[in-house]
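Just below is one structure, and these are the notes that go with it.
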Amino acid sequence: MMRFFFVDPRTGNINYKHQLPNKKWFVRGTKTSDPRKADQLWSTIDAEYNALAAQQRSRSRYTDSKDARREKFWSAVARFLIVRKAGNGGRLPAVYGSAMRGEADKEVVPTSTAFASHPFVVVRNEFLIWAQEHDPDAVAVFEMGDKNNEHLFHMGLIASYFVVRELERLQGPAPITVSTPAIPHAPAPIPPDQHTLQDVFERWTRETNPAEATKGDVRRAMTIFTAANPVSDPESPRTVEQITRKHVQRMRDALGKRNLSNQTRNKRIAGMSILFGQAVNEGWIESNPTKGVKFEVKDGDRKKREAFDRDEIKTWMRHPCFTDHQFDAYGWSEFWIPLLCLWHGSRRNEIGHLLTSDIRKIDEIWIINIDGRVGGGEGKKIKTAASRREIPLHPKLIEMGFLRWVKTVPPGRLFDNCPIERDGSIGCISKIVRAQLDQVGADGGLSLHSARHSFRTFARSVEPSIDPGVVDAIVGHAPASQGGRYGDVPLRTKLKAISRINIGALPKPYETNRFL
């Protein structure tokens with residue numbers, strides 16, 4: 001397979017290009033036109049390519065064998081239950097019993113987003129989050145397109161659950177000895193006045209009703225903490241009352257060995273801090289052991305990642321998606337979702353969850369309705385109460401044909417070809433945007449979320465700058481001052497403000513007759 005550096009004719013920078021086993025191209029920008037500096041980056045980029053290529057090759061053995069996929073998937077489900085049992089004081093969390101109770105006789109698998117709180121769906125989502133960290137091949141198998149994968153998970157989880165429960169019954173207070181497989185000694189029971197991390201998690205979710213994405217972040221943090229403090233280590237804590245700063249430091253050390261940014265590492269520590277904060281509120285512990293534990297994030301690096309400048313947006317808009325309407329798997333979603341985020345400072349998931357009925361007129365003003373309520377058969381998510389708002393549609397989007405395109409979409413989700421992931425997010429577009437930015441040689445730290453920060457930057461840079469309270473009302477941030485929380489910003493005021501925003505580049509407009 002070919003591997004080479006090439007010079008981007010637009011920027012003059014030297015880029016890395018190598019074909020992956022799946023025949024797609026792996027492209028990375030070096031952000032330099034100096035051949036010597038580019039050569040110094042060769043080994044780092046090559047290592048990233050080799051890791052991805054090895055992952056693709058290892059998964060290829062599952063592509064043509066349904067039996068291999070089932071064996072892999074069911075063994076991962078069984079291992080997941082054993083880990084959950086060990087990490088919860090030797091007993092499965094209560095939600096697992098709720099998930100299994102009565103499910104064994106059901107033919108219909110609860111998969112709809114309308115049943116996101118169903119215990120069975122909760123357990124399935126926990127498994128997939130765990131697998132992303134510990135067995136990504138199992139996730140890949142689950143996503144390989146078999147129509148009955150949900151049903152396979154259903155059967156595998158139920159079977160594994162009852163096996164684990166039967167082992168618990170056989171062990172009793174004095175575990176028996178069996179030849180194959182050997183049943184591990186059960187740990188001592190959790191004292192009735194102490195609490196596992198799962199107990200804290202369930203109390204936190206019940207009292208705060210957090211968004212699915214936030215729960216997913218906290219679950220990931222719990223998984224990393226548990227892996228850093230395994231139950232096999234006699235010094236590892238089994239209850240939140242036993243956790244000390246030393247155990248948090250173990251998690252920090254484990255995060256330091258992972259290929260993550262310091263911001264992401266701090267996010268994982270913050271996930272544990274949420275749980276410890278809940279435990280403090282309950283009076284179960286006296287103080288939060290994560291206080292002061294973090295990784296350094298340099299301000300210069302953070303600012304570079306946060307926003308596009310106009311030249312970077314111009315470079316992005318040179319991608320064939322925007323110049324020639326050449327799309328990957330998600331069609332016009334790849335075109336409109338980034339533009340809606342850029343021109344309105346909106347969050348990816350807010351736009352990805354829109355319904356066709358959310359694009360409508362109020363007082364002769366075309367608006368985007370972001371309400372977080374259920375409609376059209378799909379559950380919509382918002383991050384906070386301040387996120388519920390009506391945004392005037394930017395006149396430039398109307399000029400580019402957005403309303404003409406909306407008329408071609410059947411009633412329901414506006415971007416129906418973008419799957420809603422199990423935590424309620426629309427992650428596919430972030431991956432597409434990252435690929436677009438890589439292909440045009442953009443800064444490797446930029447992402448779709450950078451568009452949201454760019455909107456605020458552009459709002460401050462116009463003369464005179466747009467009132468921060470109006471910007472908050474447009475992007476869905478809670479006002480900084482107490483006084484700003486009283487009263488609403490009129491729709492026409494928001495339209496006047498948003499019309500002054502200019503991202504500095506226009507793509508090729510939508511053409512209703514492009515296929516005629």
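Numbering of residues begins at 1 and proceeds along the displayed sequence. The structure displayed is predicted, hence computed values, not measured ones.
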When you measure from the side chain of K396 to the backbone N and O of I501, does any donor-acceptor pair fall under 3.5 Å?
-> no

Would you say R456 and D472 make side-chain contact, with heavy atoms under 4.5 Å?
-> yes

CG-OG1 distance between N15 and T32, expressed to the nearest 0.5 angstrom | 10.5 Å

Heavy-atom closest contact (N369 atom, L354 atom, distance) | O-CD2, 3.4 Å

Least distance between heavy atoms, S454 atom then F308 atom = OG-N, 2.7 Å

Check: I368 main-chain N/O paired with D358 side-chain donor or acceptor under 3.5 Å = no

Distance in Å, N209 CG paired with W204 CH2, rounded so as to fall on 0.5 Å steps | 10.0 Å

Of all the heavy-atom pairs spanning I474 and A497, show the shortest one and how long it is.
-> CD1-CB, 4.2 Å

State, to 0.1 Å, how close R347 and E350 come at their nearest heavy-atom pair, and which atoms those are.
-> NH1-OE2, 2.6 Å

Heavy-atom side-chain proximity of R500 to P464 below 4.5 angstrom = yes

Side-chain donor or acceptor of N266 paired with backbone N/O of Q263 under 3.5 Å = no

So, the side chain of R258 versus the backbone of R265: is there a donor-acceptor pair under 3.5 Å, distance only?
-> no

Given side chain to side chain contact (heavy atoms under 4.5 Å, CB included), test W336 with L414 step by step and report yes or no.
-> CA-CA 10 Å; W336 289 119; L414 188 59; over 6 Å; no

Any side-chain heavy atom of I367 sitting closer than 4.5 Å to one from R360?
-> yes

Under 6.0 Å from the six-membered ring centre of F295 and within 45° of its axis: does the NZ or CZ of R268 meet both?
-> no

For the pair Q439 (side chain) and Q436 (backbone), establish whether a donor and an acceptor sit closer than 3.5 Å, ignoring hydrogens and angles.
-> no

Within the side chain of R434, is there an N or O that forms a donor-acceptor pair under 3.5 Å with the backbone of L448?
-> no

Could you please spell out the steps behind the side chain to side chain contact (heavy atoms under 4.5 Å, CB included) verdict for K494 and I391?
-> CA-CA 7 Å; K494 287 191 278 189; I391 309 172; over 6 Å; no

Counting heavy atoms not belonging to K267, are there more than 12 under 6.0 Å from its NZ?
-> no

With no hydrogens and no angle check, is any side-chain donor or acceptor of D309 less than 3.5 Å from a backbone partner on D311?
-> yes

Side chains of D363 and L491 in contact at under 4.5 Å (non-hydrogen atoms) = no

Could you state the interatomic distance from CD1 (I398) to CH2 (W366), rounded to the nearest 0.5 Å?
-> 8.0 Å

From CD1 (I466) to CZ (F455), nearest 0.5 Å | 6.0 Å

Would you please indicate if the ring centroids of F415 and W405 are separated by under 6.0 Å?
-> yes

Between G476 and R389, which heavy-atom pair has the shortest distance, and what is it?
-> N-NE, 3.3 Å

Do side-chain atoms of D217 reach the backbone of G271 as a donor and acceptor pair under 3.5 angstrom?
-> no

Side-chain contact test, heavy atoms from C-beta onward, threshold under 4.5 Å: evaluate it for F458 versus R310 and give yes or no.
-> yes

Step through the shown structure and confirm whether more than 12 heavy atoms of other residues, nucleotides or ligands are within 6.0 Å of NZ on K361.
-> yes

Looking only at heavy atoms, the pair that brings R348 and S430 closest together is NH1-OG, 2.8 Å

Mind checking whether Y510 and W332 have ring centres under 6.0 Å apart?
-> yes

Say whether, by atom type as modelled, one donor and one acceptor occur between the side chain of R413 and the main chain of C418 under 3.5 angstrom.
-> yes

Give, for atom CG of L495 and atom CD1 of I362, the distance between the pair rounded to the nearest 0.5 Å.
-> 12.0 Å

Nearest-0.5 Å distance, CG of residue L403 to OG1 of residue T408 = 11.5 Å

Check: K215 and R219 side chains under 4.5 Å, non-hydrogen atoms | yes

Side-chain (R452) to main-chain (V475) donor-acceptor, under 3.5 angstrom | yes

Is any side-chain heavy atom of F327 closer than 4.5 Å to a side-chain heavy atom of I432?
-> no

Do L340 and H394 touch side chain to side chain, with heavy atoms closer than 4.5 Å?
-> no

